[in-house]
Amino acid sequence: MAAAAPISRNDLETPILTPSLLAARAALLEAKGSAIATFAIDGYEAEVRRAGEALWLIVRREGQGGLALRAAPLAAGDKTETVKARGKERVHIRTSGALGRFELQIIVSDAAPSAIRTVMRFTPAGPALIPHLPRDLFPLGKDGDPLSAVGRVEAVQRGLNGGLLYFQLERPDFGNVLYFQNLTALGDYFEATGTTPDGIVGGAWPELGLALPAPPPGAIRGVEPLAGGKPITLSDAILVLRPDRPEHERDSARQFLQMLGTAYRELDPPTTDFRDWIGRAEATLIDLDEAPEATIRHYGHRYIHPYTAAEYPDAMVQMSIAQALHEWGRWQGEAHPLEAEFLSGMGKFHDAKRGVIRRYLPNVGGDKDSEAVDSWYLYHPLLNLGRLALDGDRSAKRLFLSSLDFGIKAAHHFDYRWPIEYKMTDFSVITETAGADGRGQTDVGGIYAWVMLQAFELTDDKRFLDEARAAIDAAIGLRFNINYQANLTAWGAAACMRLWRITDRAVYLEQSYVYLASFFHNCEFWESEIGLAKHYRNFLGVTCLQDAPYMAIYECFDSYAAFDQYLADSGPDLDPAARMLVSEYCRYALDRAWYYYPDALPPEAIAEKQREINGHVDRSLSFPLEDLYADGQPAGQVGQETYGAGAAFIFATRAFHRVEEAPFLLYCDQFVRASERIGTHTLSLLLDGGETCRARLAFVRLKRRKLPELRVTGVEGGELAVDTRSRDRIEYRVPASGRLIISWE
C-alpha cells in the first residue's frame with residue numbers, strides 16, 4: 001500500500017514551504033486585472049481569474065480570508081473564453097493552447113451547507129503525458145497570502161477511501177471546509193495512466209487538495225500517453241463551506257457529516273440491484289451442514305472452521321454463525337437445527353475458573369498461544385450471546401452473565417483504552433499499538449459499551465450502565481482517530497445512541513456522530529473500474545481496519561446489523577445527514593456484499609493462493625471471500641470466510657418481509673421501521689432512509705403462487721409507476737423516507 005497522506009493533527013498547522021507553494025503564492029499575490037467571472041453564494045463572494053500558469057477559483061468571506069482552488073492549468077499563449085452556461089452550471093470557461101483544450105465547469109448548489117463544484121476536463125491536442133500537477137487548494141489569509149492563513153486539518157484521505165479533506169481556517173475566521181474529490185469521475189484517467197487514487201487528497205498546510213497521481217519518473221518512458229482528441233476528467237472537486245467553526249469534537253463530527261451529506265447529494269451514485277439473499281442463505285445452510293470444509297468435531301460437538309478447512313475453532317466465529325442462524329430461524333418461524341448444534345459446544349470455550357469465554361478450545365494446537373486475545377475478541381462473542389439471552393435463551397444468558405466480571409476487570413485494567421493483544425492470565429500486553437497510527441484498539445470501548453447495555457437490559461443493574469458510560473466517556477478526545485475496526489466503530493455509534501435514549505444526555509447523541517464521522521472517514525465514496533475491480537462493486541464500502549487495503553465481508557455485515565440498531569433507537573432528533581449516510585451505507589451493503597461470494601466473480605478475479613494458514617477458495621461453496629480491493633487486486637487473497645457465512649442470514653432477515661396471507665415477499669433495500677395491515681389487502685409501510693434518496697421496493701413471488709395486481713402510493717395519494725416487471729418479481733423505485741401504502745388484488 002502506498003504511503004498515505006499525512007495523518008491529521010489536532011493542533012494548529014505549521015506552514016511547510018515547497019517550490020509549488022511559493023509559486024502559487026506569488027501568482028495569487030501578483031494577479032492583476034479583472035476577473036473572468038464572478039458570482040455570490042450565501043455570504044461568500046467568488047471569482048475566477050487568471051494568475052500565473054493557472055485559472056483560479058477564489059472564494060472569500062468579507063474580512064475573513066478565503067480559499068484559492070487551482071481550477072485548470074494554463075501555459076503562456078493559451079487563450080481563454082467564457083462559454084454560455086447550461087443546466088446547473090454557473091460558470092463555463094474554455095482554454096485552448098498547444099497542449100490541448102481545458103473545459104472548466106462550476107456548479108453552485110442551492111443546498112445548505114453551501115457547495116461549489118468544479119469539474120476540469122482535458123482534451124489533448126495529440127498524444128500527451130501529464131507527469132505532474134501540483135496540489136490545487138490553498139487557504140488564504142486576510143491579505144490573500146496562503147502563508148498568513150492559520151488553521152487545523154481534521155481529516156484527510158486514508159489509502160483508497162474517499163478523496164476528502166476536512167479542515168478549519170481559524171485565523172482569519174473563514175470557517176469550516178470540506179474538500180471532496182469525486183474519484184469515480186477520474187476513473188478513465190486511472191485506467192489510462194495505470195495509477196490508483198491511493199492517498200492522493202491531503203497535503204501539508206497550506207498546500208492542500210488533490211495531487212493527481214502520475215507514474216514515477218523512471219516509468220514515464222513506458223507509459224501510454226493520453227489519447228489525442230479524447231476528453232478526460234482530471235478533477236471533479238466539491239467544496240462545502242460553513243462559516244461557523246465547530247466548538248468541540250462532537251460538533252466537528254456533526255458538521256463533517258452534514259457537509260459530507262451535501263457532497264454526497266452532488267454525486268451521481270451507481271445503481272443497485274435486487275439480490276436474492278434468501279436463496280443465498282438456503283445455499284449457505286446446505287454447505288454449513290454438509291461441506292466437510294465447514295466444520296470439525298471436538299469433544300462430541302461440531303465447531304466451525306474460520307476458513308475453508310483451516311484454522312482452529314474460535315468462540316467469535318462460533319457465536320457469529322449461531323446468532324445469525326438464530327435470526328434466520330426467528331424470521332422463518334422455526335429454529336434451524338444447526339443453531340442448537342453449534343450452540344451446544346459453546347460451553348467448552350468457557351473457563352469457569354476465571355469466568356470468561358476463551359477464544360480457543362482447551363485442545364488448541366501448540367502453534368497458538370491459548371492465553372493471547374485480541375481485545376475485541378473478548379467482547380464480540382459476548383455481544384452475540386447477549387443478543388440470544390435477550391431473546392430468551394437461558395444457556396446463552398448463563399454464559400453471558402458469568403463472563404461479564406472478567407470483561408469488566410479487563411476494561412478497568414486498561415482504563416478503557418485497550419491494546420491490540422494481551423495475555424488473559426495477567427493482562428500483560430503482547431502488542432500495544434498498531435504500526436499505522438501508533439494507537440491500540442481505539443473503538444473497543446464502543447462494543448464493550450454495547451455489551452454492558454445488554455447486561456443492563458437483562459439485569460437492571462446500574463453497574464452495567466455506569467460501565468457503558470465510562471467506556472464511551474473515555475473515547476472523548478479521539479476525534480477522527482476513533483476507528484480501529486469498522487464494525488466495532490459502528491457498534492460504538494449504536495451504544496452512544498442507546499445511552500442517549502436511556503440517560504437523555506445529549507452528549508451521547510453527539511458522541512455517536514464522532515463514531516459515525518470516523519467510520520465514514522474510512523469509506524470508499526467512489527466506484528472503481530481499476531483492474532479486476534471492474535468485476536465487483538465497492539461504492540460506500542468501508543475498509544475493515546484503519547490501515548487495511550481492502551474491504552471485508554465480516555465488518556460489512558456486522559456494521560449493517562449495528563446500524564440497524566442505531567437507526568431503530570434514533571428518532572427525529574437524529575441529524576438528517578447522519579440518517580442519510582447510515583441508510584445509504586446499508587442500502588449499498590446489500591448490493592455490494594453479493595460480490596464477496598466466489599461464484600459471483602469470474603475465476604480470474606480470484607487470487608490463486610491464499611494466506612498459508614487460511615485454507616483455499618472453493619467456488620462451489622456459498623461462503624464469502626474475506627477481501628475485495630478497490631485498486632483491482634485479485635479478491636480472496638486472505639481467504640474464504642466460513643465465519644462470514646452469517647452475512648446471508650443477516651441481510652435476508654432485514655431486507656425481506658413476510659406479509660401474512662399475501663402471495664409475495666416484500667423486499668426493500670432501506671430499513672422498514674413500521675408496518676401495519678390497514679385493510680384485508682392493504683399495507684402501510686414506513687421507510688427510514690435519507691430524505692432525498694430512493695429505495696428499491698420489490699414484490700417477490702412465493703413458490704406456487706402468482707403475483708397479484710399491485711398499487712403503491714405515497715401518503716399524498718400519487719400512484720408510483722412500476723420500474724421493472726417479470727413473472728417472479730415486480731420492482732418500484734420509491735422515496736427512501738416516509739410512508740407508503742401498498743394494496744393488491
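Fair warning: this is a prediction, and the values are worked out from it, not measured in the lab.
Not counting sequence neighbours, D558 has no partner by the salt bridge (Lys or Arg N to Asp or Glu O under 4.0 Å) test. Listed by chain and residue number, K462 satisfy the salt bridge (Lys or Arg N to Asp or Glu O under 4.0 Å) test with D466 (two or more places apart in sequence, or in another chain). With sequence neighbours excluded, the residues forming a ring-ring contact (aromatic ring centres under 6.0 Å, His included) with Y629 are Y550, listed by chain and number. The ring-ring contact (aromatic ring centres under 6.0 Å, His included) search around F342 returns none, not counting sequence neighbours.
Using bins of under 30°, 30° to 60° and over 60° for the plane-to-plane angle, the ring pair Y643/Y307 lands in the perpendicular bin.
Using a cut-off of 4.0 Å between Lys/Arg side-chain N and Asp/Glu carboxylate O, R254 and D251 are scored as salt-bridged. Under a 4.0 Å N-O distance rule, the pair R611/D627 does not qualify as a salt bridge. Of the charged side-chain nitrogens involved, at least one lies within less than 4.0 Å of a carboxylate oxygen, so that R358 and D351 count as a salt-bridged pair. Taking a cutoff of 4.0 Å between a charged side-chain nitrogen and a carboxylate oxygen, R354 and E371 qualify as a salt bridge. Remark: R592 does not engage E524 in a salt bridge, criterion side-chain N to carboxylate O under 4.0 Å. Using a cut-off of 4.0 Å between Lys/Arg side-chain N and Asp/Glu carboxylate O, R302 and E341 are scored as salt-bridged.
Annotation: ring-ring contact (aromatic ring centres under 6.0 Å, His included) contacts involving residues 353-396, sequence neighbours excluded, comprise W376-H380, Y379-W418, Y379-Y448, H380-Y554.
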Sequence neighbours excluded and cut-off under 3.5 Å, please list the side-chain donor-acceptor pairs for residues 397-405, or say none.
unit_1 : atom_1 : unit_2 : atom_2 : d
S402   : OG     : H350   : NE2    : 3.0
S402   : OG     : R398   : O      : 3.0
S402   : OG     : L399   : O      : 3.0
S403   : OG     : L399   : O      : 2.9
D405   : OD1    : R463   : NH1    : 3.2
D405   : OD1    : R463   : NH2    : 3.4

